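Below: one structure, written as structure tokens.
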Number of protein chains: 2
Amino acid sequence: MEHYKVGEIAEKIGINVETLRYYEKIKIMPKPKRRESRYRFYDELDLRRLLFIKRAKELGFTLKEIKELLNLKIESTATCGDIKHLAEHKLTDIEERIKDLKNIKNVLIKLINQCVCEEVSTEDCPILEVIEQKIK
Amino acid sequence: MEHYKVGEIAEKIGINVETLRYYEKIKIMPKPKRRESRYRFYDELDLRRLLFIKRAKELGFTLKEIKELLNLKIESTATCGDIKHLAEHKLTDIEERIKDLKNIKNVLIKLINQCVCEEVSTEDCPILEVIEQKIK
DNA sequence: ATAATATCAGTAGTATAGTACGGAGTCAAG
DNA sequence: CTTGACTCCGTACTATACTACTGATATTAT
């Protein structure tokens, strides 16, 4: 079985050595085995776990949620449905964020379109006016 | 002219007193006038500034960006175009975030649809399999 | 007048996800 | 056998946006 030093596995995954130590600290990665020199050494399982973390992060899961996923994975009582619930929850969450951002986007577009004035002073800027409008 | 104590203005805006002191610390709000008792007191201008901040935050601007907006606003040399550029930059930023989230959403939907198994153990969970798939 | 509430200043803590630093020990190449 | 690269650990710092706490004044209500 292949094994890697901390710098090697970090490079393979494309993360920082410090980040790996951080993952160990927050217990999303288990304490790795050590050589006599006290150097950490990692195996294929660690590699897979790190890649799982990376992929799940790309899916918008937080480290805390990824930890949950990984824990469910090793709990023998956990079902695939448990995982599905986490995924569904995350989906709702992301849909919510998309909705919010779209609203923001529309307001910004309206604001920007009202502005045709490179030379006008900020005194008469329609963007600022609109941001303030809701205030008056 | 109306004036408010820190707790009054905080309640009016719907923020925390501590948050107001924080805004003062990071210089997004100016140092307010004081009574003899050293109590802060705020006026209508402060109220408007706070509401501007609140509204801009809703538009997805960070406090740092809002500070920029407010600074441009008082710089007499700044043009409406300067404001527009900030708004456009924010728009690009938000469109980017929407795109990313949509990708994530699609992957999550695919994952969830593959899972029809409330009772299956996490060993055979297709969601976990897919997250891992890109690894193998 | 006294009790309750508000405010003061400064510091520390929260959450998220890391990054940086420094001095000591270890490993590999020339 | 020395030099440079790598790793060790612990701590502190970054960024963002707040929130909490403490002990001392100040104001307000009864």
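By convention in this document, chain letters (A, B, ...) are assigned in the order of the sequence lines, proteins followed by strands, and residues within each chain are numbered from 1. Computed from a prediction, not measured in an experiment: that's the story for all the values here.
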Could you list the donor-acceptor pairs under 3.5 angstrom formed between side-chain atoms of residues 91-104 of chain A and any protein atom two or more places apart in sequence or on another chain?
from   : atom 1 : to     : atom 2 : distance (Å)
T92(A) : OG1    : E88(A) : O      : 2.8
D93(A) : OD2    : K90(A) : NZ     : 3.4
D93(A) : OD2    : R97(A) : NH1    : 3.4

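Here I83(B) contributes atom CD1 and L69(B) contributes atom CG; the two are 5.0 Å apart, rounded to the nearest 0.5 Å. In this structure, the separation between CG on L72(A) and OG1 on T79(A) is 8.5 Å, given to the nearest 0.5 Å. From I26(A), atom CD1 reaches atom NZ of K67(A) across 6.0 Å, with rounding to the nearest 0.5 Å. Between atom CG of residue L63(A) and atom CD of residue E68(A) there is a gap of 12.0 Å, rounded to the nearest 0.5 Å. Note that CG of L59(A) is 5.5 Å distant from CG of L108(B), once rounded to the nearest 0.5 Å. A distance of 12.0 Å separates CD1 in I28(B) from NZ in K64(B), rounded to the nearest 0.5 Å.
Remark: P of dC18(D) and NZ of K25(B) are 13 Å apart, rounded to the nearest angstrom.
A donor-acceptor contact shorter than 3.5 Å links the side chain of E65(B) to the backbone of T62(B). Under a 3.5 Å cut-off, the side chain of K54(A) and the backbone N or O of I13(A) do form a donor-acceptor pair. Checking side-chain atoms of D43(B) against main-chain N and O of D46(B) turns up a donor-acceptor pair under 3.5 Å.
I53(A) places a side-chain heavy atom less than 4.5 Å from the side chain of M29(A).
Note on residues 19-47 of chain B: pairs passing ring pair (Phe, Tyr, Trp, His ring centres under 6.0 Å), not counting sequence neighbours, are H3(B)-F41(B).
At a threshold of 4.0 Å, the pair R55(A)-E58(A) counts as salt-bridged, since one of the basic side-chain nitrogens sits closer than that to a carboxylate oxygen.
Using a 4.0 Å cutoff to heavy atoms of chain B, the contacted part of DNA chain C runs 5' to 3' from dA6(C) to dG10(C).
Contacts with DNA chain D (heavy atom under 4.0 Å) in residues 8-23 of chain A: R21(A), listed by number. Listed by residue number, R34(A), R38(A) are the residues of residues 28-38 of chain A with a heavy-atom contact under 4.0 Å to DNA chain D. Sorted by residue number, the list of members of residues 57-69 of chain B with any non-hydrogen atom under 4.0 Å from DNA chain C is empty.
Nearest-nucleotide assignment on DNA chain D puts the 5′-proximal partner with Y39(A), out of Y39(A) and E24(A).
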